[in-house]
Amino acid sequence: MPTPAVVDRFAPSPTGYLHVGGARTALFNWLLARHTGGRFLLRIEDTDLARSTEQAMLQLLEDLRWLGLQWDNADLVFQSRRLDVYNRLIDDLIARGLAYKAYDTTEELDAMRKEAEKARRQFVYRRGPVSAEEAARHEAQGRVPVVRFIMPVQEYRFTDEVLGEIALPADEADHFVIRKSDGMPTYHFAVVVDDAEMGITHVLRGQEHTKNTFRHIALQEALGYARPAYAHLTTIQNPDGSKMGKRDRDKAVRQRAQEWLKSSKKAPAELASLAKVLEERVATWLADSKKQLDIPEQLAVIHVIGLSSAELPEILIHDFRKNGYLPEALLNFLALLGWSPGGDRERMSMGEMVQLFSLDRVGKSNPKFDRAKLLAFNTEAAAAAPIERLVNAFRDYLSVNPESPLNNADDAALAKLLQMKKGFRLLREVDEASRFLFTPDEQIVYAPDAVEKVLRKQNGFAVLKDLRGILVSLHEWTAGELDAAVKQYAEQKGLGLGKVAQPLRVAVSGTTISPPIFESLEFLGRERTLARIDRCLALE
RNA sequence: GGCCCCGUCGUCUAGAGGCCUAGGACACGGCCCUUUCAAGGCCGCGACACGGGUUCGAAUCCCGUCGGGGUCACCA
């Protein structure tokens with residue numbers, strides 16, 4: 001029984017990095033298209049000239065590629081390049097008396113809104129066109145008009161594939177803006193025109209657009225377009241119930257920024273200039289904990305105050321990549337935020353998700369983003385992945401963490417590290433736990449508490465000296481031989497393995513935590529192991 | 001505040017009137033394994049927001065209350 005093919009799309013505005021909410025929207029669109037054998041298209045909604053950037057657009061594409069959500073249109077649609085199309089249509093609407101130029105200033109609009117608020121009702125703009133003389137007077141004053149669409153006053157209704165039947169009372173119909181005074185179309189207009197021209201059959205988007213749909217329907221009717229199916233997705237929230245990507249992260253940045261200002265005795269203005277962010281933005285942000293920085297601003301500030309993104313709650317897709325998550329695990333987790341295949345099914349490959357996906361199993365209530373569960377998914381995905389996959393993923397991780405010394409390792413070495421550390425949760429853990437193997441011997445830093453506890457208090461120096469003697473003349477430098485020799489020694493001395501392994505661990509890594517010790521020693525080699533033991537012994 | 005949507009363990013969810021003494025996963029607690037950190041194994045704790053109906057029977061249907069989210073831009 002074939003399901004009718006769909007054409008859907010992901011249409012981000014390039015104002016920042018892709019975040020989990022956007023990724024989830026993209027994923028659902030992708031799954032729906034793949035499930036039905038349809039097409040998944042990508043469109044760039046760059047009509048906001050002030051906030052759209054080329055860099056953000058490129059990053060968006062890279063994040064999508066990393067996730068593996070490949071789009072089917074080789075030529076991306078950029079709204080900013082389609083002005084003539086929109087303008088022709090808008091002029092036509094004006095000619096047909098369905099739209100008109102409006103000259104209100106921001107101040108006038110604000111005053112009207114205030115009035116509505118005072119009267120405790122919703123602000124609905126429905127002024128209608130001004131006379132030719134009035135228009136001429138405004139033009140003479142240099143006022144640049146917007147174009148407003150006359151949304152017919154009637155009740156609107158549509159059936160949302162997720163939420164069900166939704167209606168808008170007639171008195172909410174307003175004359176909304178379709179062309180801004182800078183000449184760009186608004187979101188409402190561009191989205192309707194492009195969806196129609198691209199042959200979009202299904203629009204899956206965030207819940208914040210639910211009510212916009214009525215405007216889009218009115219526009220479709222005026223323009224003679226078919227109405228696509230709509231599905232509005234829930235909002236992913238932080239554990240505290242606020243919108244994902246908002247408060248959570250901002251809170252952490254704010255706290256560190258304040259510490260930084262205090263300890264460096266710098267003024268907010270200096271922070272702003274170092275971060276190349278508007279001084280006023282930083283000042284009002286610092287002064288009001290309800291205010292938040294935009295993501296690009298946030299990134300700039302983080303950089304200045306020396307906060308690494310690994311320390312922040314991840315919200316951007318790029319954060320997850322940089323911290324060493326597997327995209328397939330992230331996607332599996334994200335899919336379950338608002339969708340369920342039913343029954344007990346949770347862990348799925350991309351192929352399985354494609355096969356099982358359906359809109360009627362998409363939920364209506366807002367999920368909270370639970371990092372612990374994501375971590376568990378990642379751990380399991382990593383444990384189940386073939387080694388070649390993990391090496392690839394590790395390479396990718398390292399490419400966005402260029403400061404890691406593991407960038408010097410070859411694939412065989414990476415595979416070895418991955419195997420040593422199996423059971424790991426994040427690639428970042430493998431990286432950090434293995435760095436000591438790539439650090440020059442003389443740069444190993446001995447953690448004071450480790451030295452105190454393991455070497456001084458527990459007689460570790462004496463053990464190390466004995467061990468050194470044994471290791472120098474070991475026939476074969478393999479984990480197996482090392483294991484056997486050290487265990488034999490421990491037995492002879494009547495010591496638990498811990499009393500013997502820990503001093504070794506501290507000697508070669510500087511800390512009490514490392515991958516399994518004998519494999520680590522094998523990896524390091526005899527010469528370097530002995531050099532480190534000697535260097536450690538010198539601490540006594 | 002107006003309008004729209006939502007409400008099952010701490011979290012993500014299964015559940016489409018009797019299969020429910022409500023299932024799974026993560027988290028949490030305990031035990032086991034163990035050279036560190038993990039991973040793993042076993043056991044356990046834990047929810048139908050509240051109040052009215054409808055029905056022989058309600059987590060499932062209806063109404064109300066409360067709670068949460070969205071939206072009211074020349075941003076998307």
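Just so you know, these numbers come straight off a predicted model, no measurement behind them.
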Verdict with reasoning, A:Glu429 to A:Lys421, per salt bridge (charged side-chain N to carboxylate O under 4.0 Å, His left out): CA-CA 9 Å; A:Glu429 286 171 18; A:Lys421 201 50 190 131; 5.0 Å; no
Looking only at side-chain atoms of [X], point me to the closest of [options].
| X | options | answer |
| --- | --- | --- |
| A:Glu208 | B:rC75, B:rG70, B:rU35 | B:rG70 |
| A:Glu380 | B:rC26, B:rC5, B:rU36 | B:rC26 |
| A:Ala376 | B:rA27, B:rG15, B:rA76 | B:rA27 |

B:rG29 to B:rG10 separation - C1' atoms, rounded to the nearest Å: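 Approximately 14 Å lies between the C1' atom of B:rG29 and that of B:rG10.
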Write down the protein N/O and nucleotide N/O pairs, taken from nucleotides 28-30 of chain B, whose separation is under 3.5 Å; answer none if there are no such pairs.
none

State whether [X] and [Y] are salt-bridged, where the test is any N-O pair (Lys NZ or Arg NE/NH1/NH2 against Asp/Glu carboxylate O) under 4.0 Å.
| X | Y | answer |
| --- | --- | --- |
| A:Asp48 | A:Lys180 | no |
| A:Asp174 | A:Arg148 | no |
| A:Asp449 | A:Lys453 | no |
| A:Asp110 | A:Arg113 | yes |
| A:Glu108 | A:Arg143 | yes |
| A:Asp194 | A:Arg9 | no |

Heavy-atom side-chain contact between A:Arg24 and A:Pro367 under 4.5 Å: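 Yes, side chains in contact.
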Sugar-phosphate, base or nothing in reach of A:Ser13, heavy atoms under 4.0 Å: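 Result for A:Ser13 = sugar-phosphate.
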Sugar-phosphate, base or nothing in reach of A:Asn212, heavy atoms under 4.0 Å: base
Let me know the distance between [atom1] of [X] and [atom2] of [N], rounded to the nearest Å.
| X | N | atom1 | atom2 | result |
| --- | --- | --- | --- | --- |
| A:Leu497 | B:rC33 | CG | C1' | 15 Å |
| A:Asn238 | B:rU11 | CG | P | 14 Å |
| A:Gln237 | B:rU13 | CD | P | 10 Å |

A:Lys364 side chain near B:rC6 phosphate (N/O to OP1/OP2, under 4.0 Å): yes
Residues in contact with RNA chain B, drawn from residues 104-119 of chain A - heavy-atom cutoff 4.0 Å: A:Asp104, A:Arg113
Close aromatic pair by centroid cut-off 6.0 Å: A:Phe377 and A:Tyr325: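 For A:Phe377 and A:Tyr325, the ring centres are not under 6.0 Å apart.
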